[in-house]
Amino acid sequence: MGKKSSVLEGNLVIVESPAKAKTIENFLGTDYIVKSSYGHIRDLSKADFGVDINNKYKPDYIVSSDKKEVVKDLKNLVANVKTVWLASDEDREGEAIAWHLYDELGLTKENTKRIVFHEITKDAILNAIKTPRSIDINLVNAQQARRVLDRLVGFELSPLLWKKVKPSLSAGRVQSVAVRLLVDREREVHAFEPIASYRVTALFLVEDEKGKVTELKSELSKRFDTLEETKAFLENCIDAVFTVSKVEKKPLTKKPAAPFTTSTLQQEASRKLGFSVAQTMSVAQKLYESGKITYMRTDSVNLSELALNMAAKQITDNMGEQYVKIRKYKTASKGAQEAHEAIRPTYLDQQTIAGSSAEQRLYEMIWKRTIASQMSDAQLEKTIIHINAGNTGEHFNASGEIIKFDGFLKVYIESSDAENEHDEDNDSLIPPLNEGDELNMQIVEARQRWSQKPPRYTEASLVRKLEELGIGRPSTYAPTISTVQNRGYVIKEDRDGEERHYKSLIINEGKVVVSDKTEITGAERHKLFPTDIGIVVNDFLVKHFENILSFDFTAKVEKEFDEIATGHLEWTQSIDDFYKPFHQLVEDTLEHSEKSVGEREMGTDPASGKPIIVRIGRFGPLAQIGDSSDENDKPRFASLRKGQLLETITLEEVLDLFKLPRSLGEFEGKEVVIGIGRFGPYIRHNSKFVSLKKDVDDPYEIDLDTAIQRIITKREEDEKKLILSFDEEPDLQVLNGRWGPFIKFEKGNYKIPKDKVAETLTLEECRAIIKNDTSVNKGKVKATAKTATVKVAAKKKTTAKKPAAAKATKKSVKK
DNA sequence: CAGTGAGCGAGCTTCCGCTTGACTT
């Protein structure tokens, strides 16, 4: 101030994230104000693609409605400072954010500086301030090309689906490929034919000099194809002498995994903590906001010098110098832009933190992974023992690992995706043995095994696959996974396994005993399955837009974007080359393709001789007997059930669908009907529903007497729930629910005020409580309430105010 | 929560990437 009071002083630094702003403000002096843009401030308008197709694809940008306030505040600040430092991330999107800020805030070359840093440390920030540059317009153009391409693809393909498949569907460069991966995998799973073989194992007892006995587990080096061969081999084992023929020892080193990126964090949190990818991101966000970890949306495995020093000190202090090995990791993922550090604890001297249990567990995992990444290799020794099985010509292998030096294993063991249905424990300790030693055979047994089907994707493994293909970004992995589920293309669920019979053989009292056993196989937990609508949409898109649905489409356009970024290609030219033929293809498809409902002819109904088809109907996949051309003879319909697909359902299964609902007769003068609903098989009687007993009652077999029993049991249970009822008002009841007593009236539930005792309420008091209840949940059936609120919200607001509708959708989707 | 399955054809839906909040059971 003072001398040149007429000239503006002071600095405004704009970053993307408010948490980052707070940290940086502490690094810089008082003449720096640091504010956040909260990501992008502008986007394409929604009308007419937000792009002028006929005018060199000129984008029509508008300030997003939730950023109006942010932009206003920034404008006010800009007016009062001398220099504005645009400090958005150093990648394509970050450069575009800087450019949008420059444009929207009305900045000039004279008062604006563009700075970048890859880590939030004081040195990095001060260094950045010393070396400002100007906005890289080529990089901005690469982003514009990316944005416009995604808009054109999404807004051309989606409406095509509305016409050819079903309204409200969506397609896009990222989501459609994600769905394709799932559909392809599902088909592989269905086409898979397991191959059976016989695995032979043997258990020996080894006694050392001191008389201590250890078990030695081993497996035959080959598997047999047939029961006969296996049995013959086992018979030969009965009197065989087992000798150690070879003792192999080899050193083994294991290296720690790189520090976490968004994708690896999601995978590991899924495997070790059972988090969904969305859950991982929201917990990580909390940790980030409270300053406990660095930024959680990153594709970089890089750690700052500061972090490396902290890690070295931590490891030395707690475990000793021999455990330290500072490493620089290189990113493996395609198209990584590395604008941030890897995900790491802000302060590595804090091994644990305060917070919710989820926060603590995720933090601890991040801490361990970070520390382990800077630790020495583990040194192991692998021992393999070959054991001759008499004169059979075959040998058993026993293997084990001993840790010579634990290194990083002291802290962190990375998990793997392999779903070992049969755990092979080869980590057992191997007793000291020498060539020629004779072994004391305890057990030789064999069992039938099958080759494994390809694994279905989990949320996290799908993210990993997308990252591998360079599709999507750290900020979009979780939202993409949600989108494909919200559109009904994909469902995450558990599926029961199936019973499978297998042969088991064992040597018992000098004889080979063969027995039949059963196991449950193929059960799935939290896996992603494509739905019929997902499959139909996918097939439609793959058929007509193979190019966009191909797994390397993104990689190809990324190459173009790189050329734009280096100034070797005009972005509008690149878009034009893509759009012209693409648009033509959309037009052709619109005109020439049939409506796609996944229809499949199943054959004829043996009872009526009418044709049976399956297809997608208004309310989802259905089976239909007869066609609708005959007005007097309407077709019969039945919905497909959970787990059934149009593509794989059999005629027999379809016919089963029409066996329900079926009437069993009457009870107390009212019909007893068996059906299958959204929550499984049920009994309907007197307009009340009773669930069948899981795994006990078969809806096709259950008889009237059993059904009546279930009805009576349900009545008794309900009575226990009932606290009060009134003869004058049969619709009103005081019930004991999951969250304590409440009043049920017509279709609404009402909370009982704390000062009232449920058991002593009068009808008048109940009515008063209902009248005064202000909560939203009044007498609405949930399913209809959901869609209703969404629609009302969308209608009330003007088109400019979309977020209200978006929020409502988000909310209803959460449950 | 558990039946439905064609339609007057209004007006709506939709993309990907940056960011955080504000909602309830």
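Throughout, protein chains are lettered first and strands after them, A, B, ... in sequence-line order, and every chain is numbered starting at 1. Values in this document were obtained by computation on a predicted structure and should not be read as measured data.
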Ignoring hydrogens and angles, are the base of B/dC15 and the side chain of A/Arg147 linked by a donor-acceptor pair under 3.5 Å?
-> yes
Evaluate side chain to side chain donor-acceptor pair (under 3.5 Å) for A/Arg487 paired with A/Ser168, printing each intermediate quantity in order.
-> CA-CA 8 Å; A/Arg487 295 273 174 270; A/Ser168 299; over 6 Å; no
Give [X] one of three labels, base, sugar-phosphate or nothing, depending on what nucleic acid heavy atoms sit under 4.0 Å from its own.
| X | answer |
| --- | --- |
| A/Ala96 | nothing |
| A/Gln175 | sugar-phosphate |
| A/Gly39 | base |
| A/Arg151 | base |
| A/Ser639 | base |
| A/Val153 | nothing |
| A/Phe49 | nothing |

5′-ward residue of the pair A/Ser170/A/Glu558 relative to DNA chain B | A/Ser170
Of A/Met296 and A/Gly620, the one whose closest DNA chain B nucleotide lies more 5' = A/Gly620
Report yes if at least one side-chain N or O of [X] is closer than 4.0 Å to OP1 or OP2 of [N]; otherwise report no.
| X | N | result |
| --- | --- | --- |
| A/Gln285 | B/dT20 | yes |
| A/Arg297 | B/dT19 | yes |
| A/Arg487 | B/dC15 | yes |

